[in-house]
Colleague: 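Encoded as structure tokens, here's the structure I'll be asking about.
Atoms within each ligand, like the ligands themselves, are counted from 1 in listed order.
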Amino acid sequence: MSFERIKEKLNILADAAKYDVSCASSGSNRTNKNKGLGNSTGMGICHSYTEDGRCVSLLKILMTNYCIYDCAYCVTRKSNDIKRAAFKIQEVVDLTINFYRRNYIEGLFLSSGIFKNADYTMERLVAVAKKLREEENFNGYIHLKSIPGASDELMREAGLYADRLSVNIEVPTVSGLKLLAPDKNYEDFTKPMLKVKNEIIQYKAEKKIIKSTPKYAPAGQSTQMIIGATGESDKDIMYSATHYYKNYHMKRVYYSGYVPVAEDKRLPAIGSQVPLLRENRLYQTDWLLRFYGFHVKEILNADFPNLDMDVDPKLGWALRNMHHFPVDVNRADRAMLARIPGIGMQSVHKIINARKFRKLNWEHLKNIGIALNRAKYFMVCDSSKWENRDLEPDRIKGLILQNSSGKFRKEYSNQLQLFS
Ligand code: SF4
């Protein structure tokens, strides 16, 4: 195979892979054995970000962009008239090793269109990872996509070579999936997820007893949802994400604003704006649910099915629940401190440590690094004044937006004028 042909395949198959954002590499710690190649970078180094904020791996490719399916939202769908290509197993292995040796990459993110059927495709992905580990002694990071419908045996094998596995659910609801990908079954996604979850639990338990038990997908599993392709509310999306975190032990759920790639009356028209701000607000909500002790129904419910695009979801929640405020930072527990807008979890730890020695005032809080320009409306401390005690939530929101320098602020200039 000529170098030119490999380059052409790489162009086609790296371009087709760019729509998948589920490629962060945090959480794995595979150490170099037998003087092999590479160390897993751990802690999220093995990814980078494109201009529009998407996470990409330096070798992020599809095995092929041929596909037997016709999912409406996908550029690779069989009815799309595009240039097709397919790598051989050895070509992906050689590319990974060559790029690694040149320091271009720290790992491999390998996905695929579906060749003949799920198992045939999954077998090829597993074969690449197996060759890298066993023949090339490669200890870098490997993220394999699990092909929906792949057999339990292949999923078990995949987890022995890959650091992370993921099945992209893509459409957040079963009804949306039926509409846009009628050939696919919901169970084709959930079955491999369940298998991976159970294998992770089992291998971890065995490792406690038998130290030589190999690691199984040490960086866990993740999934991705496309946002804005169908009419789901933010509530639908976050309830769905919560379901996957809880029932399949997802390490991460990724939210990817839909990039229109097809003329299809079921989908937003080509040229429609990618909902990047919505994507950002969903990530913020996800963070609140995983690290700040919020329950999804506190942020999204029948009364508030969609997130406020003007302000982040924690500030939005606080403005709707002013009866919880002001919070006394010298007395409040950890959970309540974490709910004050402008105070992150690191600051919560610092406040709890610092107040063992003294009562905290504005100056102390400023030194701790709290964003007082927003926190001041929701807290009291050892300083006499809380100037804005009687302000209405809308007025507080206006004042905060007025003084905000966030990258999306310009979109609200009209609203801000109302408060000036
Ligand atoms: S099965 Fe995957 S690659 Fe094929 S059309 Fe559907 S989303 Fe695209």
Colleague: State whether Y244 and K246 meet the cation-pi test: NZ (Lys) or CZ (Arg) under 6.0 Å from the six-membered ring centroid, and within 45° of the perpendicular axis.
Modeller: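 Not flagged: K246 not positioned over aromatic ring of Y244.
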Colleague: I'd like to know if the side chain of R339 and the backbone of G293 have a donor-acceptor N/O pair within less than 3.5 Å.
Modeller: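 Yes, the answer is positive, given that a donor and an acceptor are paired below the 3.5 Å cut-off.
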Colleague: What's within reach of atom 4 (Fe) of ligand 1, meaning protein N/O/S atoms under 2.8 Å?
Modeller: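 Listed by chain and number: C67 SG.
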Colleague: Between R320 and F304, is NZ or CZ placed under 6.0 angstrom from the six-membered ring centre and within 45° of the ring axis?
Modeller: yes
Colleague: Side chain to side chain contact (heavy atoms under 4.5 Å, CB included) between S112 and K145: does it pass, once the steps are laid out?
Modeller: CA-CA 7 Å; S112 187; K145 294 317 293 250; over 6 Å; no
Colleague: Under 4.0 Å from any heavy atom of K184, which atoms of ligand 1 are there?
Modeller: 1 (S), 2 (Fe), 6 (Fe), 7 (S)
Colleague: Aromatic rings F325 and W317: how do their planes relate, parallel, tilted or perpendicular, breaks at 30° and 60°?
Modeller: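 Perpendicular.
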Colleague: Check the orientation of H143 and F109. Use parallel for under 30°, tilted for 30 to 60°, and perpendicular for over 60°.
Modeller: perpendicular
